[in-house]
2 protein chains.
Amino acid sequence: MRFSRQRDIVLNVLQRTESHPTAEWIFDQVKREIPSISLGTVYRNLNQLADGGIIQRIFDNGHVRYDGKMDQHDHFRCIRCQQIFDVHLRLEDITKNIPQDYGFKVTGYALEIRGECHQCQTKETEQ
Amino acid sequence: MRFSRQRDIVLNVLQRTESHPTAEWIFDQVKREIPSISLGTVYRNLNQLADGGIIQRIFDNGHVRYDGKMDQHDHFRCIRCQQIFDVHLRLEDITKNIPQDYGFKVTGYALEIRGECHQCQTKETEQ
DNA sequence: ATATTAACTAGGAATAATTCCTAGTTAGTT
DNA sequence: AACTAACTAGGAATTATTCCTAGTTAATAT
Ligand SMILES: [Mn+2]
Ligand SMILES: [Mn+2]
Ligand SMILES: [Zn+2]
Ligand SMILES: [Zn+2]
């Protein structure tokens, strides 16, 4: 993988945010530094970075989002505002019985917890 | 929600399979009974059934699939053949600390385990 | 049984997300 | 400096899904 200004800025934009943005959002951010960048370039770089294990793809309601954090963590999605938050659980043992029970070899997992974020719970009681 | 032959067959096709099919696969199956059914009708009915809590949507690598089983269960996806299998884990406590740790109200979760299914592990050693 | 009508249908057009294509450019190597 | 594989912008193509419209029908009321 070769260094390019486009790839570098795509990666930095993603690594600087706490959110889990779409390709389109990343595109808008990168355009502020490289106005001529194309959406295809953003998609290509995101795919290369994800395939290279430098970023993660996360799948939210059938839409692809990206995550610059590569430490093992889980996600909480608010069913009202749709925001995605990181949560850190200690679930190393979660799949320990799968190999003997099912014969599957486990290489990873993704846990998405759903519910209402603090902000949306507060809004509800105000109304 | 009104009864229609189209909806009934869409639902029955989905409830009869162990797989987690796409709308397109369900469309092909239903066509064997109603050759004139349109793909739009399949999508509309799947959405209505999912919104009505009669079936589930599951999200696989950014693609939407459907699941006719509504009992709480988790999924294992083979990273080689991409098949999705049901796994039944007892994880009721998995999110019990989320409310105090993060202030989030939890209403559900989805766990996808990744790895290699039995068949694909066997194929590997044969080659 | 007949009338009524809101919810449905088929078929096809529209939309949206993502990938593909092409000709020109550039980062890294020699 | 020359080389070239990997890159880029821009736009076309593809794919999954939704939307639109005119006609049909399941469920209810008379
Ligand atoms: Mn994250
Ligand atoms: Mn299932
Ligand atoms: Zn929220
Ligand atoms: Zn497999």
Side-chain angles (χ1 to χ4, degrees), chain A residues 1-14 17 19-68 77 82-84 112, chain B residues 1-14 17 19-68 77 82-84 112:
Chain A
M1 219 193 305
R2 222 171 61 177
F3 172 91
S4 78
R5 181 153 176 253
Q6 286 83 351
R7 173 165 309 144
D8 188 49
I9 295 176
V10 165
L11 179 58
N12 285 343
V13 162
L14 181 58
T17 183
S19 76
H20 298 84
T22 60
E24 193 76 33
W25 185 90
I26 295 166
F27 175 55
D28 288 340
Q29 299 299 307
V30 176
K31 263 200 294 203
R32 288 153 44 153
E33 288 199 59
I34 311 178
S36 65
I37 196 168
S38 73
L39 184 55
T41 295
V42 172
Y43 271 108
R44 183 169 14 82
N45 278 305
L46 289 169
N47 281 336
Q48 288 176 143
L49 291 165
D51 291 346
I54 297 163
I55 65 171
Q56 306 186 54
R57 292 186 187 89
I58 64 177
F59 301 103
D60 171 48
N61 278 325
H63 293 256
V64 181
R65 293 179 169 272
Y66 298 89
D67 190 338
R77 184 164 56 81
Q82 302 297 319
Q83 276 186 273
I84 295 173
E112 184 196 272
Chain B
M1 220 193 305
R2 222 171 61 177
F3 173 92
S4 78
R5 183 156 174 251
Q6 286 82 350
R7 173 165 310 144
D8 188 49
I9 295 176
V10 165
L11 179 59
N12 285 342
V13 162
L14 181 58
T17 182
S19 75
H20 298 84
T22 61
E24 192 77 33
W25 185 91
I26 295 166
F27 176 55
D28 288 340
Q29 299 299 306
V30 177
K31 262 199 296 204
R32 289 153 43 154
E33 287 199 60
I34 312 177
S36 65
I37 196 168
S38 72
L39 184 54
T41 295
V42 172
Y43 272 107
R44 183 170 13 82
N45 278 306
L46 288 169
N47 282 336
Q48 287 177 144
L49 291 165
D51 292 346
I54 297 162
I55 65 172
Q56 308 186 51
R57 292 186 187 89
I58 64 177
F59 301 103
D60 171 48
N61 277 324
H63 293 256
V64 180
R65 293 179 169 272
Y66 299 89
D67 190 339
R77 184 166 56 82
Q82 302 297 319
Q83 275 187 275
I84 295 173
E112 183 196 273

Novice: Can you tell me the distance, in whole Å, between the OH atom of A:Tyr43 and the C1' atom of D:dG10?
Specialist: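 Distance check: A:Tyr43 OH to D:dG10 C1' gives 16 Å.
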
Novice: Does anything in residues 46-68 of chain B reach DNA chain D, meaning a heavy atom under 4.0 Å, and if so which residues?
Specialist: B:Asn47, B:Val64

Novice: Which heavy atom of A:Leu14 sits nearest a heavy atom of A:Gly68, and at what distance?
Specialist: CG-N, 3.6 Å

Novice: Considering residues at least two apart in sequence or located in another chain, which fulfil the side-chain hydrogen bond (donor to acceptor under 3.5 Å, both in side chains) criterion with B:Gln56?
Specialist: none

Novice: Pair B:Asn47, B:Tyr66 - check side chain to side chain contact (heavy atoms under 4.5 Å, CB included), show working.
Specialist: CA-CA 10 Å; B:Asn47 282 336; B:Tyr66 299 89; 4.1 Å; yes

Novice: Among residues 21-34 of chain A, which residues get a heavy atom nearer than 4.0 Å to DNA chain C?
Specialist: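 Heavy-atom cutoff 4.0 Å gives no residues at all.
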
Novice: Apply side chain to side chain contact (heavy atoms under 4.5 Å, CB included) to B:Val42 and B:Leu46, showing your working.
Specialist: CA-CA 6 Å; B:Val42 172; B:Leu46 288 169; 3.7 Å; yes

Novice: State, to 0.1 Å, how close A:Ser38 and A:Phe27 come at their nearest heavy-atom pair, and which atoms those are.
Specialist: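 Here A:Ser38 and A:Phe27 meet closest at C-CE1, 3.6 Å.
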
Novice: I need a per-nucleotide contact map over nucleotides 23-30 of chain D, read 5' to 3'. Cutoff is protein heavy atoms under 4.0 Å; write B for the base, S for backbone only, - otherwise.
Specialist: --BBS---

Novice: Can you tell me how far apart CD (A:Glu112) and CD1 (A:Ile58) are? Round to the nearest 0.5 Å.
Specialist: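 Between atom CD of A:Glu112 and atom CD1 of A:Ile58 there are 8.0 Å.
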
Novice: If you look only at pairs with a residue in residues 20-33 of chain B, which of them pass as a side chain to side chain donor-acceptor pair (under 3.5 Å), with sequence neighbours excluded?
Specialist: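 Counting only pairs at least two positions apart or across chains, the side chain to side chain donor-acceptor pair (under 3.5 Å) contacts touching residues 20-33 of chain B are B:His20-B:Asp67, B:His20-B:His75, B:His20-B:Asp86.
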
Novice: Tell me, please, which residues at least two apart from B:Gln6 pass side chain to side chain contact (heavy atoms under 4.5 Å, CB included).
Specialist: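 Here the qualifying residues are B:Ser4, B:Ile34, B:Ile37, B:Thr41, B:Asn45.
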
Novice: Heavy atoms only: give me the nearest A:Val64-B:Gly62 pair and the separation to one decimal.
Specialist: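 The pair with the smallest heavy-atom distance is CG2-CA, 4.3 Å.
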
Novice: Rounded to the nearest 0.5 Å, what's the gap from CD1 on A:Ile54 to CD on A:Gln48? Could you check?
Specialist: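 The CD1 atom of A:Ile54 sits 9.5 Å away from the CD atom of A:Gln48.
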
Novice: Nearest whole Å is fine: how far is D:dT18 C1' from B:Leu39 CG?
Specialist: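 Distance, rounded to whole Å: 10 Å.
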
Novice: With a 4.0 Å limit, can you tell me whether B:Thr41 has a side-chain N or O closer than that to the phosphate oxygens OP1/OP2 of C:dA10?
Specialist: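 Yes, within the criterion.
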
Novice: May I ask you to evaluate whether A:Asn45 reaches the phosphate of D:dT8, defined as a side-chain N or O under 4.0 Å from OP1 or OP2?
Specialist: yes

Novice: When you match B:Arg7 and B:Pro35 each to their closest nucleotide on DNA chain C, which lands nearer the 5' end?
Specialist: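 Taking each residue's closest nucleotide, the earlier one in sequence belongs to B:Arg7.
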
Novice: Is there a donor in the side chain of B:Asn61 and an acceptor in the side chain of A:Arg57, or the other way round, less than 3.5 Å apart?
Specialist: no

Novice: Starting at atom CG of A:Asp8, determine the distance to atom P of C:dG28, rounded to an integer number of angstrom.
Specialist: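 To the nearest whole Å, that distance equals 11 Å.
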
Novice: For A:Gln6 and D:dG10, what is the distance between atoms CD and P respectively, to the nearest whole Å?
Specialist: 11 Å

